[in-house]
Amino acid sequence: MKVLIIGGSGFLGTELVRRATATGWETAATYCSRPGGIAEASWHRLDLRSPGHIDEVLAAVAPSAVIDATSGGSDWAVTADGSIRVAMAATRRGCRLVHVSSDAVFSGSRIHYDETCLPDPVTPYGAAKAAAETAVRLLAPTAAVARTSLIIGHGRYGGSGGSVHERLVHALAAGTHDGVLFTDDIRCPVHVEDLASALLELAVSDHGGMFHLAGADALSRHELGVLIARRDGLDAARLPAGRRADTPMPGALDVRLDSGATQERVRTRLRGAGEFLHVR
């Protein structure tokens with residue numbers, strides 16, 4: 001198996017590279033500013049805003065599968081246009097494509113979203129992700145498009161090496177960051193190891209279409225923060241709470257990805273945050 005992981009130096013990408021190399025796959029990965037630290041992979045600089053750059057990388061790597069785990073946030077040129085370039089290039093070369101999308105494609109108007117639900121984004125980031133996944137499904141009908149939610153790590157490096165959510169909890173608990181954790185902003189967090197395992201599983205399968213890879217538990221960002229703080233030995237009482245509905249911040253409030261149909265198609269068990277953040 002020869003896999004190219006786009007966005008390999010990011011939080012999810014690093015776990016994908018780690019697991020792929022540990023499995024013995026020939027692994028290549030891309031970065032934008034600096035390569036990741038896993039020496040077993042070959043690293044290639046990639047600017048998704050540059051037309052033709054992805055074609056050069058694919059020609060150099062010649063992978064059998066491509067996992068697009070990059071995220072340019074609300075930068076349309078990266079998140080939307082860049083993902084479309086990946087889909088076009090992978091299709092031309094006959095590569096298996098797994099595209100990572102987000103629950104940000106939903107408005108929260110119906111709260112519960114299964115794999116059949118169509119995007120109705122309310123933020124620039126959500127719109128870019130929705131455009132990307134729609135184009136991928138049209139350009140690469142056999143591709144797997146995997147929507148996920150808040151990604152959480154294992155906390156083994158404290159707050160410095162975890163996900164953006166874990167780092168925020170550490171900063172708030174230490175009093176080095178202003179802000180609150182919302183009690184009315186609800187998602188279904190997933191562990192990075194479960195997510196990476198499921199994505200690699202999809203990469204070697206012939207399953208196409210839409211998949212939801214989110215955890216089994218729906219939690220507010222404050223509830224999630226409390227669990228992270230307890231796991232990492234922090235004072236959860238120091239985490240400030242607030243309501244997103246009381247702020248002008250745009251975005252969906254309650255978005256719960258239903259991963260039931262996907263769980264029947266993948267072997268990887270998608271644990272809930274109550275399980276993977278449980279303090280023993």
Side-chain angles (χ1 to χ4, degrees), residues 1-30 36-38 40-41 63-71 90 95-103 114-115 133 136 142-157 161-166 187-219 224 227-228 231 257-278 280:
M1 183 67 180
K2 191 172 188 179
V3 63
L4 172 65
I5 297 167
I6 298 175
S9 59
F11 182 65
L12 171 58
T14 296
E15 182 63 21
L16 284 166
V17 173
R18 187 190 71 79
R19 296 182 75 91
T21 55
T23 303
W25 291 5
E26 188 174 351
T27 306
T30 73
I38 301 176
E40 292 82 2
S64 51
V66 175
I67 301 177
D68 185 359
T70 193
S71 176
C95 301
R96 166 69 171 163
L97 176 61
V98 178
H99 174 81
V100 181
S101 189
S102 167
D103 59 9
D114 64 20
E115 293 85 347
E133 69 175 38
V136 168
T142 62
V145 176
R147 294 174 180 141
T148 191
S149 191
L150 304 183
I151 307 173
I152 306 300
H154 26 60
R156 64 181 61 161
Y157 304 116
S163 68
V164 61
H165 317 290
E166 291 164 289
R187 299 293 186 272
C188 295
V190 65
H191 197 283
V192 67
E193 292 180 350
D194 298 346
L195 177 56
S197 175
L199 290 170
L200 292 172
E201 191 179 330
L202 288 174
V204 295
S205 77
D206 58 1
H207 296 323
M210 188 62 65
F211 298 83
H212 281 184
L213 300 177
D217 299 335
L219 299 172
L224 176 62
L227 290 179
I228 291 171
R231 180 200 63 185
L257 291 187
D258 180 346
S259 304
T262 294
Q263 189 65 91
E264 294 179 358
R265 303 177 72 188
V266 298
R267 296 186 304 275
T268 301
R269 189 168 69 87
L270 301 168
R271 296 169 292 166
E275 178 179 349
F276 63 72
L277 288 173
H278 178 65
R280 300 185 184 279

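No hydrogens, no waters, no symmetry mates; every other heavy atom, side chains included, goes into these values. On a predicted model such as this, the values are computed, not experimentally measured, just so you know. Numbering starts at 1 and runs along the sequence shown.
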I'd like to check the side-chain hydrogen bond (donor to acceptor under 3.5 Å, both in side chains) partners of Glu15; sequence neighbours left out, ordered by chain and number.
Arg18
Quick check against the 3.5 Å criterion: does Thr23 have a side-chain atom that pairs as donor or acceptor with the backbone of Arg19?
yes
According to salt bridge (Lys or Arg N to Asp or Glu O under 4.0 Å), who are the partners of Glu26, at least two apart in sequence or on a separate chain?
Lys2
side-chain hydrogen bond (donor to acceptor under 3.5 Å, both in side chains) for Thr27 and Glu40? Distances and angles first, verdict last.
CA-CA 8 Å; Thr27 306; Glu40 292 82 2; over 6 Å; no
Heavy atoms of Val192 and Gly153 approach each other most closely as CG1-CA, 3.9 Å
State the OG-CZ distance between Ser71 and Phe11, to the nearest 0.5 angstrom.
13.5 Å
With no hydrogens and no angle check, is any side-chain donor or acceptor of Glu264 less than 3.5 Å from a backbone partner on Ala261?
no
Go through the structure and list residues passing side-chain contact (heavy atoms from CB on, under 4.5 Å) with Ala214, not counting sequence neighbours.
Ser149, Cys188, Leu257, Ser259
What is the distance from atom OG1 of Thr21 to atom CD1 of Ile38, rounded to the nearest 0.5 Å?
5.5 Å
Would you say the side-chain atoms of Glu166 pair up with the backbone N or O of Ile228, donor to acceptor, closer than 3.5 Å?
no
Check Leu277 against Leu227 and note the closest heavy-atom contact, atom names and distance.
CD1-CB, 3.8 Å
Which pair of non-hydrogen atoms, one from Ala273 and one from Asp217, has the smallest distance, and what is that distance?
N-OD2, 3.3 Å
Residues passing the salt bridge (Lys or Arg N to Asp or Glu O under 4.0 Å) test with Arg265, sequence neighbours excluded, are none
Parallel, tilted or perpendicular: which one describes the rings of Phe276 and His191, with boundaries at 30° and 60°?
perpendicular
Residues in salt bridge (Lys or Arg N to Asp or Glu O under 4.0 Å) with Arg96, at least two apart?
none
For Val3 and Ala20, work out which heavy atoms get closest and say how close.
CG1-CB, 4.2 Å
Salt bridge (Lys or Arg N to Asp or Glu O under 4.0 Å) partners for Arg147, two or more places apart:
Glu133
May I ask you to decide if Leu213's main-chain N or O and Thr148's side chain share a donor-acceptor pair within less than 3.5 Å?
yes
Please check if the side chain of His99 supplies one atom and the backbone of Asp68 the other of a donor-acceptor pair under 3.5 Å.
no
